[in-house]
Novice: 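Below you'll find the structure I mean.
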Amino acid sequence: MGKNALKCAGQSTPAFRIAALCALLSSSLHAAAQDWCAGKVTDSDSRVVASLSRPAVGQSYIDPAFGTRITRVTNASYGTAHRTLYNTVQPWNADESLLMLYHTGDSSAGHHLYDGKTYEYIRAMEFSAADIEGIYWDEYDASSLYFVQRRPIDDPLFGKLVKYNVQTRQRSLVADLDSVCGSQTDRRGKTAKGGNDIQGLGGNRIGLRCQNNDLNGNSSDISFHVNVHTGQISQAVVLDPAQPQGSNASGFRPDVAAAPLPSGQRVLVQDSVYDASMNFLYRLDSTLTPYRARDGHQYNVPKLEHQSIGRMPNGNDAVFSPRYDALENGCDADGDAGQGAIVAYDIQANRCQVMVGRSTGWDYPLKGVHLSSMSTQNPGWVTMTSIGYGNLHYLDNGQSAPPFFSELSLTHADPDKPSTCRLAHTRTQGKSASKGAGYRGAYFGEPHAVMSPSGSRILFNSDWHDSGSVDVYAVDLQSSPAASSAAEPQPAIQTARATQTPQAQTSQSAPDNATVEESSAVYRLQPLIRMGEQPARVYVNFIDSNQGRSDRITIARADSPDTQLLMWLYTNGTQKPGERGPDHGQLGFLQQYIGTGEFEVRLFTNGNFDVAVHRERFTIP
């Protein structure tokens, strides 16, 4: 591609951010086309959990039932647990060179750093976070992570949201949370933290709550989100079962914080969607459950399962959740009223759809389901671990177990054609383990799987048949399955043919502060065509470090004036400007309204819709 086709440099943009943004988008086409289930087991047959000796640390084995290659990552001693942070928190840094795990059960308890590719141990971390699961890697800067500092109490950064550089070991202030939660001197050491059902970083934002309910003796708290790059703190929303919010008829439980969604434009508060300014938008199709507050009264609150924020395959914000009860509105006329192991909520479309459940040919969900959709380069891919509490005799009785029992699986949440593959038996008893007291509770033996940013690997935890310790295991999705048949041919995704647009073909000459060569901003556009979808779509992956509230992307006939267009969207995915645009993302356009032939996708910034700052030429055959 020519110099006009790609701008990945600038004087004022930090070098790490340029590299990370370019790497993110250059990999997005591969990620969009990658079928991680190709060649893997996709049937719904019952399978025996085969007897298998625990491998040595660093040793790989082939799962007898599913044929995937799995490596033991850690070497926890008896009575200890080495584990992922949580299924909704990414343990890998941006380029997967580093891996953050948690150790518990002995004097080394705390967070520990590993090599993200070889799994070699590096060192213990010297900080103490307010929540052991509340460690948030920056999505672009591979050296930076964030946490609310818990110790030491006499440190100036106590109770603050902190940025930590793993290379220099330096900490710096991101946001002083006292303005929201109150002075730390009045809070008896109680800091802000994530919710009990903690979620990872979403759109460069972290959701927190003050833990006021642990101080005021009642069941009321407040929640907010913080932009880790700017330190901006949002308005707070009340979490109180007795105080309905928005148009809801019920309140929220006080222990589950707000969860910013990946676009940065919306926020999930339990079962309700808010905008980035914390204005109520609508409630998801869900169910309620009784909650007894500290005042002795019982209130209806959202019934929350182990849900995960993420993206749909088209890039829309999404929430993925298991659902064990019929949803109030039936999940858009689902045949089983929305019950299932994976129920997908498309936030922009306000759409509910069961991906894995009885209505899609699978069984009613087993107990102990955890979902994760944290792979930034693989929107729409959801990992699921299902422990099967109440049926743990299948772990060692040699009988065929029901599908998903003690399994790790992977689902592509394509609304038109959802697909699921089964990857591994996790061989863990989780909270039912009899030898879990030594590592501070058998909860740490739950598998809590999470996919890497690139999608090539998945980590899960296992106590390995109640062995008395918990270790981390890595599934390699790029290795050839040994026990499954060859993959059937996959439908091809046709990539738009991007060509350099000569300067002479541009109908206007852009001013100096808008040209690709001289701007200090980072811009990139990458069109791709999916004619096989119904209906066919043109997607545009983009980088726009300007992040203007009125930055927009248009599709126009090639060589037409910049003021002419066929379709357009703001970079926030709507035709209404927000507070601030995202710095990267994917937009979708219906091909039927574009036609065939030669086209350009164009980026306009800061409300100037006369001159594009960047363009890409492509062909729809």
Side-chain angles (χ1 to χ4, degrees), residues 85-90 129-139 145-150 159-163 174-177 179-181 190-214 220-240 245-246 251-281 284 301-302 304-311 317-321 345 347 371-374 376 579-580 582:
L85 303 175
Y86 192 54
N87 50 288
T88 58
V89 179
Q90 181 59 257
D131 191 326
I132 62 175
E133 298 166 339
I135 303 293
Y136 310 87
W137 284 107
D138 192 283
E139 293 181 346
L145 55 81
Y146 308 92
F147 59 90
V148 176
Q149 182 168 307
R150 183 166 64 96
K160 310 295 192 290
L161 181 59
V162 171
K163 179 179 181 179
V174 173
D176 187 340
L177 308 178
S179 61
V180 182
C181 297
K190 188 67 68 174
T191 68
K193 61 179 293 187
N196 285 1
D197 190 21
I198 194 170
Q199 298 291 326
L201 201 68
N204 302 321
R205 291 163 172 81
I206 294 173
L208 299 170
R209 64 184 184 90
C210 292
Q211 295 197 88
N212 291 338
N213 56 312
D214 289 344
S220 183
D221 199 0
I222 57 174
S223 183
F224 55 95
H225 62 82
V226 184
N227 187 315
V228 296
H229 291 166
T230 67
Q232 182 179 4
I233 302 174
S234 75
Q235 295 295 316
V237 65
V238 174
L239 306 178
D240 191 319
Q245 302 294 309
F252 296 128
R253 37 183 311 147
D255 54 357
V256 178
L261 295 168
S263 69
Q265 305 297 316
R266 299 164 189 83
V267 180
L268 179 71
V269 182
Q270 301 187 23
D271 69 345
S272 298
V273 180
Y274 285 68
D275 65 18
S277 299
M278 300 302 276
N279 298 305
F280 177 86
L281 298 178
L284 300 176
V301 297
L304 303 178
E305 308 294 350
H306 294 120
Q307 60 193 20
S308 174
I309 63 171
R311 288 186 184 270
D317 287 328
V319 178
F320 301 99
S321 177
Y345 296 91
I347 300 303
L371 305 180
S372 178
S373 184
M374 297 304 298
T376 52
E579 287 189 346
R580 189 182 187 191

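No hydrogens, no waters, no symmetry mates; every other heavy atom, side chains included, goes into these values. Count residues from 1 along the sequence.
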Novice: Answer yes or no: is there a donor N or O on one side and an acceptor on the other, between the side chain of R209 and the main chain of D255, under 3.5 Å?
Specialist: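 Yes: the side chain of R209 pairs with the backbone of D255.
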
Novice: Using modelled atom types and a 3.5 Å cut-off, is there a donor and acceptor pairing between side-chain atoms of Q90 and backbone atoms of Y136?
Specialist: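 No; zero donor-acceptor contacts below 3.5 Å.
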
Novice: Hey, could you give me the CD1/CG distance between I198 and L208, rounded to the nearest 0.5 Å?
Specialist: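 Interatomic distance, I198 CD1 to L208 CG, rounded to 0.5 Å: 8.5 Å.
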
Novice: Taking the side chain from S234 and the backbone from F224, do they hold a donor-acceptor pair closer than 3.5 Å?
Specialist: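 Not a single qualifying donor-acceptor pair exists.
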
Novice: I'd like to check the side-chain contact (heavy atoms from CB on, under 4.5 Å) partners of S373; sequence neighbours left out, ordered by chain and number.
Specialist: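 Checked S373 against side-chain contact (heavy atoms from CB on, under 4.5 Å); matches are S308, F320, V382.
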
Novice: Which heavy atom in R311 sits nearest to a heavy atom in A318, and how many Å separate them?
Specialist: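 Shortest heavy-atom separation between R311 and A318 comes out as C-CB, 3.8 Å.
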
Novice: Establish, from distance only, whether the side-chain atoms of S272 and Q245 form a donor-acceptor pair under 3.5 Å.
Specialist: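 No donor-acceptor contact under 3.5 Å links the two side chains.
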
Novice: Ignoring hydrogens, what is the shortest heavy-atom contact between V267 and A276? Give both atom names and the distance.
Specialist: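 Looking at all heavy atoms of both residues, the shortest contact is CG2-CA, 4.3 Å.
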
Novice: Hey, is the main chain of Q307 close enough, under 3.5 Å, to the side chain of Q199 for a donor-acceptor pair?
Specialist: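 Yes, Q199 side chain to Q307 backbone: donor-acceptor pair under 3.5 Å.
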
Novice: With rounding to the nearest 0.5 Å, note down the distance linking NE2 in H229 to OH in Y146.
Specialist: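 One gets 4.0 Å once the value is rounded to the nearest 0.5 Å.
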
Novice: Look up atom CG in L239 and atom CG in N213, then write down how far apart they are to the nearest 0.5 Å.
Specialist: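 Going from CG on L239 over to CG on N213, the span is 8.5 Å.
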
Novice: Report the residues that fulfil side chain to side chain donor-acceptor pair (under 3.5 Å) with S220, sequence neighbours left out, ordered by chain and then residue number.
Specialist: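 For S220, the residues satisfying side chain to side chain donor-acceptor pair (under 3.5 Å) (neighbours in sequence not counted) are D240.
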
Novice: How long is the span from the CD1 atom in I347 to the CG atom in L284, to the nearest 0.5 Å?
Specialist: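 So the gap between those two atoms works out to 5.0 Å.
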
Novice: Any donor-acceptor pair under 3.5 Å linking the side chain of N87 with the backbone of L371?
Specialist: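 Yes, because the side chain of N87 sits within donor-acceptor range (under 3.5 Å) of the backbone of L371.
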
Novice: With rounding to the nearest 0.5 angstrom, report the SG to CD distance, C181 to Q211.
Specialist: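 Interatomic distance, C181 SG to Q211 CD, rounded to 0.5 Å: 9.0 Å.
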
Novice: When you measure from the side chain of D317 to the backbone of S263, do you find a donor-acceptor pair of N or O atoms at a distance under 3.5 Å?
Specialist: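 Indeed, once roles are kept as given, a pair shorter than 3.5 Å links the two residues.
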
Novice: Let me confirm one number: the OG-NE2 distance from S372 to H306, rounded to the nearest 0.5 Å.
Specialist: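 Reported to 0.5 Å precision, the distance equals 13.0 Å.
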
Novice: Distance-only, no hydrogens or angles: does the S223 side chain make a donor-acceptor pair with backbone N or O of A258 under 3.5 Å?
Specialist: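 Side chain of S223 to backbone of A258, a donor-acceptor pair under 3.5 Å: yes, one is there.
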
